[in-house]
Amino acid sequence: WWLLSRVACGQPEGARRGGGNGILGGFRGKEAYGQSFVDEARILSSLHHPNIVSVIELGSDGGHLFIAMEYLDGHPLSTLLATLSEADQALEPELAAHIGAEACAALQAAHSHQDEEGTAAPIIHRDISPDNLFVTRDGGVKVIDFGIAKAEGRLSQTATGMMKGKMRYMAPEQMRRGTMDRRSDVFALGVVLWELLTARRLYGKCSDVEVTHRALAGDHAPPGRHVELPGALGEAVMRCLRVEPDERFASAAELDAALTAAVPQSAGVSDAKLGSLLW
């Protein structure tokens, strides 16, 4: 069981039984946190996709804002990865490719988002990581936590020079505080896929400074160096990790197609098989 519940800065507060999300007392009086909270609710409310966690209600109780969200019964990928790592056991390629394809479907929906007038209004997640990809016991894959997503019409904006997100999953352009687009999310998902396939962390125990140097230099070992997997799957992952956005897949949909082509049996993974990964 799990509850999408975070402190206002957007970090996981922990797992609890329930179905809502609120701003902790110490942050309630700070306008920026309230705006960011409302932003996430608005963004999620505008996205309707089976692979994206849904918002039921944004409201106020006694002057305190809350978001009532879809209840998810399962675990984030970070928990699964920790278990695999402890057992020194990599995930089967078809399961990893299936999870990646489901995440791609969610990202494609966000990246292709349109406003009420039908005008393109893409939403870039900016924080794809194992913490924000969730597997449910019934075999579903959900993208969660759009708290720092880049979208038109946000009430709160990232200050110039400020970098948000998890360093180990950031695209080079995000580290440089440059312009980000859907290919930045593709890079982050590539890191997640690399780690799912190898049951290792891409950057090991590197410091943030070392992580930055390696990402900007494109210093990434192919996942096939650590585990046996279809060559096309390893190539797809490495293409996600290219330094220059133009050299990556142009969209999540392209990555989705590449994963399915590399591991055709991934399209036939049953909900029961995926759900069986959880305990």
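What you see is a predicted model; the values in this text were computed from it and never measured.
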Do the side chains of [Y] and [X] get nearer than 4.5 Å, heavy atoms only?
| X | Y | result |
| --- | --- | --- |
| Leu95 | Lys273 | yes |
| Arg137 | His75 | yes |
| Pro93 | Pro230 | yes |
| Leu133 | Leu189 | yes |
| Tyr203 | Glu210 | no |
| His220 | Leu202 | yes |
| Asp138 | Asp271 | no |
| Met175 | Val211 | yes |

Separation of [Y] [atom2] from [X] [atom1] (nearest 0.5 Å):
| X | Y | atom1 | atom2 | value |
| --- | --- | --- | --- | --- |
| Leu77 | Leu277 | CG | CG | 9.5 Å |
| Leu47 | Ser54 | CG | OG | 10.5 Å |
| Ile52 | Ser46 | CD1 | OG | 8.5 Å |
| Ser270 | His98 | OG | NE2 | 8.5 Å |
| Leu91 | Gln89 | CG | CD | 8.5 Å |
| Gln174 | Asp185 | CD | CG | 8.5 Å |

Under 3.5 Å: donor-acceptor pair, side chain of [X], backbone of [Y]:
| X | Y | value |
| --- | --- | --- |
| Asp115 | Ala120 | no |
| Glu102 | Lys142 | no |
| Arg168 | Gly204 | yes |
| Asn51 | Ala105 | no |
| His49 | Ala109 | no |
| Gln108 | Ala253 | yes |
| Ser85 | Ala82 | no |
| Thr212 | Asp208 | yes |

Does either side chain, that of [X] or that of [Y], offer a donor lying less than 3.5 Å from an acceptor on the other one?
| X | Y | value |
| --- | --- | --- |
| Glu173 | Thr179 | no |
| Glu94 | Ser266 | no |
| Glu195 | Tyr169 | yes |
| Asp73 | Thr136 | no |
| Ser251 | His111 | no |

**Report entry** Pair Phe146 + His125: ring centers closer than 6.0 Å
**Finding:**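 Yes, close enough.
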Closest heavy-atom contact between [X] and [Y]?
| X | Y | value |
| --- | --- | --- |
| Arg200 | Trp194 | O-CZ3, 3.8 Å |
| Ala101 | Leu259 | N-CD1, 3.8 Å |
| Met238 | Pro222 | SD-CA, 3.6 Å |
| Ala149 | Ile43 | CB-CD1, 4.0 Å |
| Val243 | Ala215 | CG2-O, 3.6 Å |
| Ile99 | Val135 | CD1-CG2, 4.5 Å |

Query raised in the report: Would Lys166 and Asp127 count as a side-chain contact (heavy atoms from CB on, under 4.5 Å) if you check the C-alpha gap in whole Å, the side-chain angles of each, and the deciding distance to 0.1 Å?
Result: CA-CA 7 Å; Lys166 299 177 183 67; Asp127 198 18; 3.0 Å; yes
Can you get from [X] to [Y] by hopping between Ile, Leu, Val, Met, Phe, Trp and Tyr side chains that sit under 4.5 Å apart?
| X | Y | answer |
| --- | --- | --- |
| Leu229 | Val191 | yes |
| Val192 | Leu72 | yes |
| Leu81 | Ile144 | yes |
| Leu107 | Val53 | yes |

Query raised in the report: Between Phe187 and Arg242, is there a cation-pi geometry (under 6.0 Å to ring centre, at most 45° from the normal)?
Result: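 Output no; distance or angle outside limits.
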Requested in this report: Show the numbers, then the answer: is there a side-chain contact (heavy atoms from CB on, under 4.5 Å) between Ser184 and Arg126?
Outcome: CA-CA 7 Å; Ser184 305; Arg126 296 201 297 181; over 6 Å; no
Query raised in the report: Does a sphere of radius 6.0 Å around CD in Gln114 hold more than 12 heavy atoms from other residues, nucleotides or ligands, not counting ones at 6.0 Å or beyond?
Result: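 Count over threshold, so yes.
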Report task. May I ask you to check whether over 12 heavy atoms, not counting those of His213, lie within 6.0 Å of atom NE2? Result ->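 Result for NE2/His213: open.
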**Report entry** Test: Glu247 and Arg183 ion pair at under 4.0 Å
**Finding:**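 No salt bridge links Glu247 with Arg183.
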Report task. State whether Arg248 and Glu254 are salt-bridged, where the test is any N-O pair (Lys NZ or Arg NE/NH1/NH2 against Asp/Glu carboxylate O) under 4.0 Å. Result ->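 Between Glu254 and Arg248 there is no salt bridge, as every charged N stays at least 4.0 Å from the carboxylate O atoms.
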